[in-house]
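Order of the sequence lines fixes the chain letters, A, B, ..., with proteins taken first and strands second; residue numbering starts at 1 for each chain. Owing to the predicted nature of the structure, the values given are computational and were not obtained by experimental measurement.
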There are 4 protein chains.
Amino acid sequence: MSESKLLDALIAQAKLSKKQTEKQQKIVEAAITIFAEKGYANTSTSEIAKAAGVAEGTIFRHYGTKDNLLLSVILPFFKESFPIMAEEVFNEIMSSNVHTFEEFLKVFLKNRINFFFENKEIAKVVIKEILYNEELKSNLLPILSENFIIRVNKALDIFKERGEFVDIPTDRIVKMVLTFIAGFLASRLVLLNDYSITEEEIEDAVHFVMDGIRNKEQ
Amino acid sequence: MSESKLLDALIAQAKLSKKQTEKQQKIVEAAITIFAEKGYANTSTSEIAKAAGVAEGTIFRHYGTKDNLLLSVILPFFKESFPIMAEEVFNEIMSSNVHTFEEFLKVFLKNRINFFFENKEIAKVVIKEILYNEELKSNLLPILSENFIIRVNKALDIFKERGEFVDIPTDRIVKMVLTFIAGFLASRLVLLNDYSITEEEIEDAVHFVMDGIRNKEQ
Amino acid sequence: MSESKLLDALIAQAKLSKKQTEKQQKIVEAAITIFAEKGYANTSTSEIAKAAGVAEGTIFRHYGTKDNLLLSVILPFFKESFPIMAEEVFNEIMSSNVHTFEEFLKVFLKNRINFFFENKEIAKVVIKEILYNEELKSNLLPILSENFIIRVNKALDIFKERGEFVDIPTDRIVKMVLTFIAGFLASRLVLLNDYSITEEEIEDAVHFVMDGIRNKEQ
Amino acid sequence: MSESKLLDALIAQAKLSKKQTEKQQKIVEAAITIFAEKGYANTSTSEIAKAAGVAEGTIFRHYGTKDNLLLSVILPFFKESFPIMAEEVFNEIMSSNVHTFEEFLKVFLKNRINFFFENKEIAKVVIKEILYNEELKSNLLPILSENFIIRVNKALDIFKERGEFVDIPTDRIVKMVLTFIAGFLASRLVLLNDYSITEEEIEDAVHFVMDGIRNKEQ
DNA sequence: GATGAATGAGATTTCATTCAT
DNA sequence: CATGAATGAAATCTCATTCAT
């Protein structure tokens, strides 16, 4: 990883990716698959080239560096991760049939889980590399927190005002909820390679977040 | 990573490490520090040698391969991770002043969190490499599940009989609890580099697991 | 030396060597020259690279390992060693003007000696490494015996039926004749670096094999 | 191999080897065994140390360098190879019941074969290394030829005067006979690992050298 | 655009040798 | 005498990257 600003790269990347050639698609696909399995650092460009049925030079013709190929894999996914939290979507969720945090959480969880599981492989790459590469982390995490945590915080505040939550500082609640969700997704995707996930399990997870595991009827 | 059974390595390793020389200690310390920061794959042995004030050859005289050096870092920590769940310790916990799962969880969490934070650096290496290296994962995870999950399962069953928990299959509860704990530790150590953790936070976490975030008094 | 079956390597090798680049030729030439002089084990790849006017990486790009470079030198020669004994050639020899074993031996010796001396350097490498490297030996010798000894045996049997030979079991005769020929070639090439060999000497050698050194006229 | 004069080393060696300690014996034994199997260049001193049950430092305490260890293995054998040809022994052979070259050859062959097979392992080392290592060869071969070939030449001349041989220049006869004997020993020891050798085979070999393979009664 | 041969910097590994104990 | 930890030079090998075609 060079010390380039990721956001600049993000923009520059967008410009380049006007039209992807067939070869480019194959390269990215192969890269995702192998990065997901063995990790970026343990994957050689020649391996990717072979898997993509492409000459090694072709990779560099399109992506310049291996680092840049990784960004070309990660950034689009990264950008797509946010819209759910975009003002519009957020408002939409809040307006419709979502009247409690439990409902919000269910919608939110289902949405994000679907998104992640529809993009299993890339998600795996993103999680692995963010956890593994300090520089990538220090570039991407701030963006995450600016876009993500702040908005969830805001959402929670709304519901908190309604007195739905226990009396713990919001940011600590956010931390715990996100920890659980992140842990949930990461453990399934990266740790367990468990790509099956049922509606029932999501319900369980929501219940867990909402009410914990204690039996209140006792 | 060779395809050898890790447990064999674990045993072989134990034999070799009769007495550590001063240089060996320096090597392992340097390795832990740099692996923790940059990851195993992004760390060169020459870098370690330099940091340890040692000739590069010395690393290989003692550890044979870079892979083996990683194991020498990971395995001792790995082995030390289990005792808490050993029959004796477990029974001890269960007997004394632990009468509810909440109490058990508090003791357990504090113990494990302390252990992890006392070994921050190694823990970081272990988490990173287990998540990153498929082969390491496939060798270490089974050992974890055999030693860890099964016992937690047993513990939960005991408390479940007492009707302490909601009516969800035990294994699913275990999964969620461990997901949360793992997520909690991993996010703090690897993601946030947040090495501060207060008693208060642990209490919060336990409450979260027990009762979720819903305000029951409403 | 890997423990792979050499014949597999032989085939794999054939596939790879579609077209040799100019640099590859230089590498192989340099390798042969230096291997022949100093032996495989005493030759470093950097030495070969330097002699070939090539970057060291280029060697590994084409041959993967030093072992494989050796095979790329040896195997083509090895394969070319057999044709003389192929059915067609053998029959041709037997039919034409070859009516006695003495004649056969003369043709055979001249042919093989020419082949070896036309490929002095490689032959030297092959002989040295087969004698020196146990694993190479255990892989190549069986192929030799299957292709070579059996056929010579057959040839001898033909002439033996005609009563040309002393009454010693054929296989023992073969052993002695081949021992002499092998000794002859090896000693000239490897031991004495004596690359000159006259028609006269071949005649002498044939006489020696046929009639020994005793003076029958006495 | 340093460029030291081997004969000087031979003498220096003799001085050192006054008394061999127990460890020294083990070292030399281990060295012979492993050198014989894998060759000098493919054997590491640590391997020898392990096989000898000795610390690596001990090897260097006694032999200074790995090269010198090889000489300590080779030279004693080398020196013992000559006595048969020493004036006395030679005369003894010539006087007793040896009246023909055939008889001489039989005695000589039996003697040398016995010597080689009694020292199989060392012989193997010597043959392999003389063939493999150009420098060793250029140091040892001249000594051989001075001590060996010249004397055999002389012997042959004696018998030649008696008209026992075909009319070929003596040195060429010597070359062929020695080629055969050397090929015979080398192929058995180094190539075939065939350590069994019967009286019968020796007789065959002598017949072969004397009369070749042609059937004279035809 | 695409190729793949070539590079060279750097990574891992080996190993004879030294030296303090 | 013997040890074995330590060394560092050199060996094998990897791989992102360049460039002529």
A side-chain contact here means heavy atoms from C-beta on lying under 4.5 Å apart; do [X] and [Y] qualify?
| X | Y | result |
| --- | --- | --- |
| C:Ile74 | C:Leu136 | yes |
| A:Thr45 | A:Phe60 | yes |
| C:Leu70 | C:Tyr63 | no |
| A:Ile48 | A:Leu69 | yes |

For atom [atom1] of [X] and atom [atom2] of [N], their distance in whole Å:
| X | N | atom1 | atom2 | value |
| --- | --- | --- | --- | --- |
| C:Tyr63 | E:dT7 | OH | P | 13 Å |
| B:Lys26 | F:dT7 | NZ | P | 10 Å |
| C:Tyr40 | F:dT12 | OH | C1' | 9 Å |
| C:Ile27 | F:dT12 | CD1 | P | 14 Å |
| C:Lys66 | E:dT13 | NZ | P | 18 Å |
| D:Lys38 | E:dT14 | NZ | C1' | 12 Å |
| A:Ile34 | F:dC15 | CD1 | P | 12 Å |

query: Nearest 0.5 Å, what's the CZ-CG distance between C:Phe78 and C:Leu140?
result: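 These two atoms lie 4.0 Å from each other.
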Rounded at 0.5 Å granularity, tell me how far OG in B:Ser72 sits from NE2 in B:His62.
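One finds 11.0 Å between OG of B:Ser72 and NE2 of B:His62.
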ask   = Closer to the 5' end of DNA chain E via nearest nucleotide, is it D:Ala41 or B:Phe60?
value =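 Nearer the 5' end of the strand: B:Phe60.
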With sequence neighbours excluded, what pairs up with [X] under the side-chain hydrogen bond (donor to acceptor under 3.5 Å, both in side chains) test?
| X | answer |
| --- | --- |
| B:Thr65 | none |
| A:Lys137 | A:Glu134 |
| B:Glu47 | B:Lys38 |

Symbol by symbol from the 5' end, with Watson-Crick or G-U pairs under 3.5 Å, [ ] crossing and | another strand, DNA chain E is .||||||||||||||||||||
**Prompt:** Quick one, which residues of residues 42-51 of chain D touch DNA chain E with a heavy atom under 4.0 Å?
**Reply:**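 Residues of residues 42-51 of chain D under 4.0 Å from DNA chain E: D:Thr43, D:Ser44, D:Thr45.
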Identify all pairs in which a protein N or O lies below 3.5 Å from an N or O of nucleotides 2-6 of chain F, and state each distance.
residue : atom : partner : partner atom : Å
F:dA2   : OP2  : D:His62 : NE2          : 2.6
F:dA2   : N7   : D:Arg61 : NE           : 3.1
F:dT3   : OP1  : D:Lys23 : NZ           : 2.9
F:dT3   : OP2  : D:Ala55 : N            : 3.3
F:dT3   : OP2  : D:Thr58 : OG1          : 2.6
F:dG4   : N7   : D:Gly57 : N            : 3.3
F:dA5   : OP2  : B:Arg61 : NH1          : 2.8
F:dA5   : N7   : B:Arg61 : NH1          : 3.3
F:dA5   : N7   : B:Arg61 : NH2          : 3.4
F:dA6   : OP2  : B:Thr21 : OG1          : 3.1
F:dA6   : OP2  : B:His62 : NE2          : 2.6
F:dA6   : N7   : B:Arg61 : NE           : 3.2

| Distance-only side-chain donor-acceptor flag, C:Glu56 / C:Ser46, under 3.5 Å |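 Note: C:Glu56 and C:Ser46 side chains miss the donor-acceptor criterion.
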